Amino acid sequence: MLKIILMAVSFVAGIVFTVFAQNNIIPMPIHMQLESGRLNLSSGLVLQTSIFDPISSKSLSAEIDALKGVLKEWNILLHNNAKKGIPVIRLELVAAKDQQSDEAYRLKIDRNGILIAASSPVGIFYGLQTLRQFELANNRIQYATIVDKPAFAWRGFLVDVGRKYQPIDMLKEQIDVMAKYKLNVLHFHFTEDLAWRLASKKYPGLTDASVMRRWEGKYYSEAEFRDLIKYCKQRNILFFPEIDMPGHSAAFKRYFGVDMQSDAGMLYIKELLKEFKETYPELDYLHIGGDEVKITNNNFMPEITKYVEDLGYKMTMGWEPGSNLSANTFRQLWMGGPTVIEEKGDQVYIDSKHLYINHMDPLETVTTLFYRKIGEQTEGNNNLLGATLCAWPDRAVAHPIDMFYQNAVYPGLLTFAERSWRGQGRSLWTANILPKGTRENNDFEEYEVRLLNHKTSYFTDKPFPYVKQMGLVWDLIGPFDNGGDLEAIFPIEEAPFSTAYSAMKQVEGGTVVLRHWWNDVVKGAIDNPSENTTWYARARIYCDQEGERGFWIGFDNLSRSYASDSPDLGTWDNRKSWVKVNNKLIEPPIWKQAGIAGDLEIPYVDEGYSYRAPTNINLKKGWNEVFIKLPVKDFNGKNWQTPVKWMFTFVPVD
């Protein structure tokens, strides 16, 4: 097996990590003290439970089932009765301390056994999720003391099944992952221009295939919807449905033949809302949308909001910016740059700005989410509940699973879970790993180790488009004025590794964004990027023996929400970028859809590195030189659907 050591021209990545396996927990607890002793579980554990209030109706039956699942994974017996010499696992409900979160818990492992204590069953459940990630060595588990609670109360994930239908089993798999990593809100967006995907008893034709424009005839029955609600509740996840109004309602209009904002349309939507509440009375929260629509009836949203409240919903939420929402409607932020949400006034916010993974390159996803500072606050407050990570892949896919290869869903979920539970983060937004020698670089390096351990431990049978980036450090050299000629040649190409050409900047990572689409709010690697310029990137990688190795290579992040064109044959991108290894030009793939004009209804098949076969490159034993050319003419795409993200990806894959 070939072993590659990633190094830059002037930097050697030779860090060896020696960590306890327990240091691989995600999200990392707020306080964790590991000790040298280990508890022997060879004979099993004896279950004990305790409730602080003898007449309390609280039950730990679901948590006991979760515990049994953990021990089954470990192949450890659980005894109901005390036995001499067998340690105890105690689940204990205790009186809540002042201002203590219901999701807080304590976990202690010592010579007496295992204790998980919390003021509510959900805290016990989260303690078990942390325990689940402890690794056993010869049936022994390390002593530890953990005191943990979330920085943000709302830690959500949005799935857009209106545009992209997902089978129930696929949704449940995501819910399971959410629960294991302590995410607690599933935002379920099931009404869209393309389709209305929930059965209606009053208007069964609303889900007829003829009304849909994608995944025709695919929708959720009442039984399936109830099953999802129950499945979430069992895992302490709030099922949060969205009926988007009055925008994103073309499917509604196709069926009823009227605009939702018309008098007749308002009657129909009220009937649907009433039926929804009567069918699913256990749902207390409802998202009412309000985004991306021209308001023609100023009374629509106020009247609908009052109607929804009169139906008995305890909370409504809408998109901001959006329509004329009522003052008591919670706001979900989605557009614009970073916003500081201070504790002030009565308005309550959920942050989803720059939390759309469909706009992010897979490797960039992890980098951006790791550094993300929710609401520009280190923790939640009365006005900032938390954040929701969103998967809005507008572009069609051939198969539902393709979405998970084109978007870093699971790497993103884990990283968002880390950030939303622990809080903190870095002000403003970034697309690249922060520089060597900084605390932020060290933090990312430590997190990446944990993330990749989880990939190999828990996601071997699931799409997980992320590989090691740390240690791959690039010299960026430029700018060279190309006068608008993307094929202009400069002397550095004759001797790219000559000391005559020094780095203007060094940047680390498998994906490097030189200039982001939204350069005004997401800074790239180049401080003041200029049009009509060419930059170069160079690095050396060390291989312990000669042989072939696979690489992810790319020069574009074709967003799954834009109608970007596919590359022409014989090119990596439309900017004439190229890559050489040991002075040999690496040929681009033979694109299956070469030169196809962008169309949201034409699925991508191989345009991105994470959903095509890696590019195989022959490496020599010892040092291998990588040299990349990065020209750009202008930063404007031919239209708003084809924006320019000036970037490259080059990284070895497992």
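Quick note: numbers below take in every heavy atom, side chains included, and nothing from hydrogens, waters or symmetry partners. All values reported here derive from a predicted model rather than from experimental measurement.
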Inset, instruction - Any chance you could lay out the side-chain contact (heavy atoms from CB on, under 4.5 Å) test for L414 and V177, step after step, and finish with the verdict? - result: CA-CA 8 Å; L414 270 61; V177 171; 4.1 Å; yes

Inset, instruction - Please assess E92 against I124 for the test side-chain contact (heavy atoms from CB on, under 4.5 Å), listing each intermediate value before the final yes or no. - result: CA-CA 8 Å; E92 184 174 0; I124 299 290; 5.6 Å; no

Inset, instruction - Could you walk me through whether D193 and R163 pass salt bridge (Lys or Arg N to Asp or Glu O under 4.0 Å), step by step? - result: CA-CA 8 Å; D193 288 332; R163 292 182 178 89; over 6 Å; no

Legend entry - side-chain contact (heavy atoms from CB on, under 4.5 Å) between D394 and K164, worked out: CA-CA 8 Å; D394 298 70; K164 281 188 174 65; 5.9 Å; no

Inset, instruction - Kindly indicate, with the supporting measurements, whether the criterion side-chain hydrogen bond (donor to acceptor under 3.5 Å, both in side chains) is fulfilled by N453 and N24. - result: CA-CA 7 Å; N453 280 331; N24 291 323; 2.9 Å; yes

Legend entry - Y203 and E271: CA distance, side-chain angles, deciding distance, side-chain hydrogen bond (donor to acceptor under 3.5 Å, both in side chains) verdict: CA-CA 10 Å; Y203 295 107; E271 288 180 329; 2.3 Å; yes

Inset, instruction - In sequence, state the C-alpha distance, the side-chain angles, and the governing distance for N328 and E309, and then conclude on side-chain hydrogen bond (donor to acceptor under 3.5 Å, both in side chains). - result: CA-CA 10 Å; N328 59 338; E309 291 171 349; 2.7 Å; yes

Inset, instruction - Under the side-chain contact (heavy atoms from CB on, under 4.5 Å) rule, what do M178 and L186 come out as? Steps first, then yes or no, please. - result: CA-CA 9 Å; M178 290 175 65; L186 178 67; 4.0 Å; yes

Legend entry - side-chain hydrogen bond (donor to acceptor under 3.5 Å, both in side chains) between Q332 and S352, intermediate numbers included: CA-CA 7 Å; Q332 185 169 1; S352 286; 2.9 Å; yes

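T191 and D244 share no donor-acceptor pair across their side chains, judged by distance under 3.5 Å alone. When only modelled atom types and interatomic distance are considered, N382 and E343 share a side-chain donor-acceptor pair under 3.5 Å. For Y466 and E448, the side-chain atoms include at least one donor-acceptor pair closer than 3.5 Å.
In terms of modelled atom types and a separation under 3.5 Å, the side chain of N138 and the main chain of R140 share no donor-acceptor contact. A donor-acceptor pair under 3.5 Å is absent between the side-chain atoms of D160 and the main chain of A391, judged by distance alone. Of the possible polar contacts, none joining the T305 side chain to the S326 backbone as a donor-acceptor pair under 3.5 Å is found. When atom types are taken as modelled, the side chain of E376 and the backbone of P338 share no donor-acceptor pair closer than 3.5 angstrom. A donor-acceptor pair under 3.5 Å is formed between the side chain of E224 and the backbone N or O of S221. Of the possible polar contacts, one joining the N381 side chain to the I341 backbone as a donor-acceptor pair under 3.5 Å is found. Looking only at distances, a side-chain donor or acceptor of R197 sits under 3.5 Å from a matching main-chain atom of K218. With hydrogens and angles disregarded, no donor-acceptor distance shorter than 3.5 Å links the side chain of K182 to the backbone of E418. Put simply, the side chain of R214 never gets that close to the backbone of Y165: no donor and acceptor are under 3.5 Å apart. Judged purely by atom type and a 3.5 angstrom limit, R132 has no side-chain atom pairing as donor or acceptor with the backbone of T130.
A 4.5 Å side-chain heavy-atom check between W215 and L194 finds every atom pair outside the cut-off. Between T279 and E222, the closest side-chain pair of non-hydrogen atoms falls below 4.5 Å. Counting heavy atoms from C-beta outward, L389 and L413 have side chains that approach closer than 4.5 Å. Between L273 and V308 the shortest side-chain heavy-atom distance falls below 4.5 Å. Under the 4.5 Å side-chain criterion, counting only non-hydrogen atoms from C-beta, V88 is not in contact with L45. Within the 4.5 Å cutoff, the side chain of L128 has heavy atoms near those of the I116 side chain. Residues I374 and L355 form no side-chain contact, since every pair of their non-hydrogen atoms from C-beta on lies 4.5 Å or further apart. Between S36 and Y143 the shortest side-chain heavy-atom distance does not fall below 4.5 Å.
Interatomic distance, D176 CG to L171 CG, rounded to the nearest 0.5 Å: 11.0 Å. With rounding to the nearest 0.5 Å, the separation of CH2 in W319 from CG in D291 is 6.5 Å. Residue L369 holds its CG atom at 6.0 Å from OG1 of T415, rounded to the nearest 0.5 Å. Rounding to the nearest 0.5 Å gives a distance of 10.0 Å between NZ of K344 and CG of N383.
For K83, the NZ atom sits in a loose shell: 12 or fewer heavy atoms of surrounding residues, nucleotides or ligands are nearer than 6.0 Å. No more than 12 heavy atoms of other residues, nucleotides or ligands shown are found within 6.0 angstrom of CG on D346. Counted within 6.0 Å of CD on E342, heavy atoms from surrounding residues, nucleotides or ligands total 12 or fewer; the atom is thus considered open. Around atom NZ of K270, more than 12 heavy atoms belonging to other residues, nucleotides or ligands sit under 6.0 Å away. D65 CG: more than 12 foreign heavy atoms inside a 6.0 Å radius. For K373, the NZ atom sits in a packed shell: over 12 heavy atoms of surrounding residues, nucleotides or ligands are nearer than 6.0 Å.
A ring-centre distance under 6.0 Å is found for Y280 and F225. Two rings, from F330 and H287, have their centers 6.0 Å or more apart. For an aromatic pair to be called close, the ring centres must be under 6.0 Å apart, and H359 with W392 fails this. The distance between the ring centers of Y220 and F188 falls below 6.0 angstrom. You'll find the ring centres of W154 and F240 inside the 6.0 Å limit. Here the two rings, on Y410 and F404, have centers that are under 6.0 Å apart.
A salt bridge is absent between R106 and D148: the closest approach of a Lys/Arg side-chain nitrogen to an acidic carboxylate oxygen does not fall below 4.0 angstrom. Between E275 and K202, none of the side-chain N atoms (NZ, or NE/NH1/NH2) sits under 4.0 Å from a carboxylate O, so this pair counts as no salt bridge. A salt bridge does not link K149 with E103: none of the charged nitrogens is closer than 4.0 Å to a carboxylate oxygen.
Using the six-membered ring where Trp is involved, H454 and Y181 have ring planes that are tilted, between 30° and 60° apart. Below 30°, between 30° and 60°, or above 60°: for F464 and F459 the angle between ring planes is between 30° and 60°, a tilted geometry.
Residue pairs meeting the ring-ring contact (aromatic ring centres under 6.0 Å, His included) criterion with at least one partner in residues 103-127, sequence neighbours excluded, are Y126-W421.
When all heavy atoms are compared, the tightest approach of Q406 to S610 is CA-OG, 4.1 Å. Between F152 and Q377, the shortest heavy-atom distance links the atoms CZ-O, 3.6 Å.
Under the 6.0 Å distance and 45° angle rule, K180 does not count as a cation-pi partner of Y458. For the pair K172 and Y231, the cation sits on the ring face: its NZ or CZ lies under 6.0 Å from the ring centre, inside 45° of the axis.
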